Each structure stands twice: as structure tokens, then as C-alpha cells.
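Structure first, then comments.
Chain A is the first sequence line, chain B the second, and so forth, proteins listed ahead of strands; every chain is numbered from 1. Just so you know, these numbers come straight off a predicted model, no measurement behind them.
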Amino acid sequence: MGAHLLEPLGSRRPYASHAPATIDACRHGDRRALESVLRAEAAALEKLIARLVGPRADVEDMLQATMLEAIGAFPRYRGEASVRTWLARIAVHVVHAHLRRPEQSRRVSLELVREPVDRASRPDDIAHARNQLNRVYHHLDQISAKNRIAFVLHVFVGHPIDEVAALVGATRVATKSRVFLARRALLSSARKDPVLAGWFESGRNGGD
Amino acid sequence: MQLGCTRAGVLLERQGSGLSEAEQILLEDHLAGCDRCFADAKALRAMGELSSSFAGEHFLVEQQRERALVRALDLSKRRAPSERRRPRLVFALPLAAAGLALSSGLLIWSGTSREGDRVLSGFVSTVERPIALGETIPSNTVLTAGNDATLAVAHARAHLAAGAEVVWRADVETLILQSRAIDVSVDPQPHRRFRVITDHFSVEVMGTRFHVDALGVRVSEGVVQIRGTDGAILVEHLGPGQSYTVPAPVEAPAKPPELSTVEASPAPEAPSRNVAPANHRARFEPRSSAPASAELAKARRALSEGDISGARSVLADVRARRLVRRDQAEADTLEAECALVARDSEGAVSRYLEIARAYGDLPAGENALFAAARIEADAGHKDKAVEHLDAYLAAHPHGRFHEEAIARLSALSGDPK
């Protein structure tokens, strides 16, 4: 499935892609250093946030909130994980807080969805894929934020359970439970969705 | 070894992060014989691929990422400069003080704006021009909502009723409501206070949803604290479904006002603006342990019920005690309010000016000077009003009523702002 966004958390490489001097400067609030590090990580963070919340208008807001939190937290960054992993934890935290806000509109803004199929596809297919994507995130919106995040990180993004547990700050067992509960809830509601019905047909051509 | 559906489901979850060869074989065996798990596997894979394909390309354009970065850097500068610059604080202190004085002056006279503060929906305009959707909101400027509109200000969303007038002060993250009503939703995440000020009270919150108009506050979620214009806590905790009402504005002495009433509404959708039953009010009595404060609160309650003589009687008792300066200022303010409620505008102004002179360093002094100016302006005493407003702006250049004072001064002198 999706490519890994993060390096393995187990590796003790504090400055995977940034010079130690740059990281030290970030800790001291040096604007240039912060700009350099955050600019380099912005694309990965954006991808992670977009995977977690789906295609919605406030991805940019969440990216900004993540960067803001990171700037404030840099003095406490101890270098135990790579900067990217550390930033990903902050992003997960920001997304979690965002998803928990009851006033959040959970509607996917279709006009913002990029074409989720290859460019050779027909317009009908593109529209259908958009609709399916909309429905998938609609069903994910019905799942608790904790379970949803663990599920997306493990199943959609492809992080091992241990990494997900570290990212969400939970035990391995709790993380496995969250993924299990989210999968059960998602499949249960998706099965009843006529837009997604084609995926659940028993035909085995094109399946595994 | 036979694989059950539960175990197969767990392996399906792990497919993305990798299965061992043995696990892959077991899973394939199971899927070959179980239609339901096969369908689930197909669906999960399709969902994952769909999610991956849309996020595979960048969702945001480069410009949006850059904008988020610049905003984050700018906001962080305002958010905790002392924390980030602590190691160099000793050397930077004199320079910072000078910079602060200079920037404060600039803030006052030229206004500030932040890129994150913007119009999200609806039609919003300043006196000079309309503000486009997504455009940065000017700070320290009166904003008028032509229809229902939504603003993103600091870590809050403010939904303005049609015709609502607000002033956004980005430097202190405060929204000043001048007319109509707003619904505010504050994100608790940044752990910063957000304040809404009206003519008669202010609401301070960390994260909640509430409705404010000139007459009161209704809380939908979370807890807010209500303070009077003198900074005194009127309601320590106002929770979901509860509301606070100020039926009579201070500057309208034509009818005897009921200054402050707190009520617990049965439902947030249907707030009553009547005086609440005594048993409800009792829940919100100030929790101060100081007897003088309790007595002052008692006087304020009496005044809110129109019982001027009762309030004065309590105040006389309080004055017999030895009061700390803050309580003394509160007692004097209540005396001035008693005069106002008794339609003795002249007496009220005189008392307010005394308070302003005696307690210019306290919030009560600032409020009193502005109240005196407002009463004079409302009474049509233009020269006196201008004199008091000038005095207010000179004494409190960072004051809470700075914008309103300038607006009133402009109106009184007939000059555009």
C-alpha cells in the first residue's frame, strides 16, 4: 500500500537529514534554521495529515498548527527520534485534537479532492473514485479519533504496530485494539454503502 | 494450521506493513475459502489505494505549504517570545523593552493584522471597503457583517450575525462586540485565553463554544468566566446550557436597569432574558472568601434588582470596614452605578471621575474614566465627553476601550476615523 512516510522509530539517528548545528539552532528559535527544517519536512507532514483526515479544506490549517507546535516544542526536542518522526508525532497529536472537536465539519470537500485515479482514467471513473473517497472518509469520520488514527497509520499508511503505538503514544496492545475496532467499524458501515458495494462483491476476478 | 476469520482480519490489517511468508500463505489459504474475508480484503486494499492515490500527489500546492510555514513562524514569534529567547534574555532585555514600547505605539496608531486572521465566509466590510473571503482581517478596525459571516481569529472561529459589528484586537486576542451578536468557538488546543468584550462585561475562555450579544452570554460547551467592566468576576464558572444576562445597559439611564442577573436556562436554544429564580441565582454567588468581597457582591446583586437603597445600605456597612484598595474601588464604582441607576447622571460622572483619579492604576479607574466620557457623550455634553475621552486615551494608551474611545472621539469631532 502507501509508501512509508517515516523512518523506523527504533533507529537512533537523531539528525537523519538535518545537520546537528541546524537542529541546535532550531532549539534556540533561529528563524532561518526553523524555516529550513520545516520547509524540508512540510511535504511529508502534509501527506501524513492528508492521509489521516482526508481531502479537506483545513489540511493547510492543520499543517500550520503542526509547525507552530513544533516551533514551540523544539527547545524540548532531545534528538531521541529523527526530526521527521518527532514532527509526525506532533502532527498526529494536532490531527487528533482537530478530529475530536465536535464542531468540526466532517464533510469532505469534493472540489478539493485531487484526482484519485491515474490521469488516463475516464471522467466518469474519476468522479466515481472521488465519490468513493468521499464515502471512505465519511465512514472514517464516524469512528473515534483515536481508533481512526491508529487504523489509518497502520492499514492505509503501512506503519508497523510498534511505530503506530509510538506515534499515538499508546501501548502496543491498546494500538492493536484500536486498529481492530476501527477496521470492524469501517467495514461494517462500508458494507452497507451502495457507493462502495462493488468492493464487497464476492467475485474473485481481480481480487487477491 | 487453519486460520480463523479473526486472525485473518489481523493479518489483513498488517498487510501494509508486511507479513512473513508463512503468514502470507496462511492468509491466502483462508481467503481462498472465505468469501466474506476475501471481500473485506478487497475493500481494504481498494480503500488504501484510493487514500494513497489522492495523497500520493501533494494535496496542497507549494504556495500553501509555504504560507502555512510563514504563518507558523510569525505566530510563534507572538506566542512565546520569552520562552524561546530565554537564553539571551539578559542581553536582550533593554533592547526588547525599547522594541516593545515602539511596537506598542505602532500597534495603537497603525493597527496590526495577522495573516491567520481572515474572513472565512459571508460579507464583511470595514468603513472604507469590503473584505474579500480569505483576506486578512485588519486589526483595531470596526468590521461589519453584511450577512451572516464567519471569521477565523487567533485560535477561534467567530460567527457574526447579520449586521454585527466587531473590532478584532490581534495583539491581545480579543474580540470587541459593538452590536448584534456573535457565536464563538474557541479551540482549547493552544491553551491560550481568548476574550470577548462587550460594553458591560467580558468573557474569558480557554476553549468552548458560546453565544454573546450585548445583553448576555449563552454557553453551548465548556466553561466560561464572566467579568464586569471593572474586572471583577461576576460569574466564576458558567457551564453548558447556562446563560448570563445583563438586561439594562449602563449608559441608558432612562429606565431603571437590572444590572446583572445570572440564570440557568433549561436549554441553550431557548434562553430566558428574565430575572432568574432566586434558587438559580444562588448557584452563582461569588465564591470569594473575603467578607468585604461578599458584601460588595451582595450590593451588586441588590443593584441589579433595582434596589438602590438596599445597595447603598450594604455599601455603607462595607465602608465601615477596613477595605483593601481594590475593594474600595469596587465600592466607589457601585456608588457611581447607584447614582446612574437613580438617574443622577451628574452625580455618577462626578463619582466616576473621582474613581478615575484615585484608582487610575486599577481596571476600575480605567473603566470609570471611560464610563464618565460615555455618560457625557450620551447626555449630549460634547465638550466634556471629548475632554474625558482625551484624558482616557492619554492615561490608557493600551486601554480596553481604546478603539471605542477613538471612534467616539471621531464621531464627536465629526472627523473621519
Side-chain angles (χ1 to χ4, degrees), chain A residues 1-3 28-29 31 34-35 38-39 42-43 46-47 50-51 54-55 59-60 63-65 67-68 71-72 75 94 97 101-103 112-118 129 132-133 136 151-152 154-161 176 179-180 183-184 186-187 190 196 199-202 204 207-208, chain B residues 6 9-10 12-18 27-28 31 35-36 38-60 64-73 75-77 79-81 83-88 116 152 157 185 187-190 209 221:
Chain A
M1 275 181 213
H28 289 95
R31 187 179 167 114
L34 285 165
E35 256 187 64
L38 292 175
R39 188 172 285 123
E46 173 224 320
K47 269 185 172 183
R51 290 295 288 273
V59 168
E60 186 186 339
L63 178 63
Q64 180 185 316
M67 289 173 166
L68 186 58
I71 293 167
V94 166
R101 281 160 60 183
E103 72 271 23
L112 292 168
V113 178
R114 300 218 167 198
E115 294 173 8
V117 289
D118 66 70
Q132 284 178 321
L133 186 65
V136 169
F151 173 82
V152 172
H154 184 51
V155 180
F156 285 1
V157 182
H159 290 304
I161 280 288
K176 283 171 84 171
V179 174
F180 171 79
R183 175 176 57 87
R184 200 174 58 172
L186 175 66
L187 289 172
L196 309 179
W199 291 341
F200 292 95
E201 284 166 5
S202 57
R204 285 175 181 268
D208 305 56
Chain B
T6 306
V10 173
L12 279 178
E13 290 165 1
R14 280 181 43 204
Q15 263 193 321
S17 52
L27 179 61
E28 282 171 8
L31 294 180
D35 282 349
R36 189 180 171 93
F38 178 80
D40 285 353
K42 206 166 70 163
L44 280 177
R45 171 169 290 186
M47 287 178 197
E49 283 172 356
L50 200 57
S51 158
S52 162
S53 66
F54 104 82
E57 296 178 53
H58 289 300
F59 179 63
L60 302 176
Q64 287 173 301
R65 282 198 296 275
E66 193 61 27
R67 191 167 57 191
L69 172 61
V70 170
R71 280 181 190 161
L73 286 163
L75 283 171
S76 72
K77 235 191 317 187
R79 191 166 151 181
E83 190 181 330
R84 287 193 293 106
R85 292 169 190 164
R86 195 171 292 141
R88 281 178 274 175
R157 296 277 190 273
S185 169
D187 182 3
Q189 185 56 33
R209 282 194 300 151
E221 191 180 293

**Message:** Looking at every heavy atom in both A:R51 and B:G48, which two are closest together, and how far apart are they?
**Reply:** NH2-O, 3.9 Å

**Message:** Can you tell me which of A:L186, A:L187, A:V136, A:L196 forms the most heavy-atom pairs within a distance under 4.5 Å of chain B?
**Reply:** A:L187

**Prompt:** Can B:R71 and A:E60 be said to form a side chain to side chain contact (heavy atoms under 4.5 Å, CB included), step by step?
**Reply:** CA-CA 11 Å; B:R71 280 181 190 161; A:E60 186 186 339; 3.7 Å; yes

**Close side-chain approach of B:L69 and A:Q64, heavy atoms under 4.5 Å** = no

**Message:** A side-chain contact here means heavy atoms from C-beta on lying under 4.5 Å apart; do B:L50 and A:W199 qualify?
**Reply:** yes

**Message:** With chain B as the partner, which of A:K176, A:R183, A:R184 has the greatest number of non-hydrogen pairs under 4.5 Å?
**Reply:** A:R183

**Message:** Once rounded to the nearest 0.5 Å, what's the spacing between atom CG of A:L38 and atom CG of B:L73?
**Reply:** 6.5 Å

**Message:** Can you confirm whether A:F200 sits close enough to B:K42 that some side-chain heavy atom of one is under 4.5 Å from a side-chain heavy atom of the other?
**Reply:** no

**Asked** Checking heavy atoms, do the side chain of A:V179, its backbone, both or neither come under 4.5 Å from chain B?
**Response** both

**Request:** Just jot down the side-chain hydrogen bond (donor to acceptor under 3.5 Å, both in side chains) partners of A:R39, sequence neighbours excluded, or say none.
**Result:** A:E35, B:E66

**Message:** Which heavy atom of A:F180 sits nearest to which heavy atom of B:T6, and what is that distance?
**Reply:** CE1-CG2, 4.4 Å

**Asked** Which bit of A:A42 is near chain B, if near means a heavy-atom gap under 4.5 Å: side chain, backbone, both or neither?
**Response** both

**Fill in**
Between the CE atom in B:M47 and the CZ atom in A:F151, the distance rounded to the nearest 0.5 Å is 7.0 Å

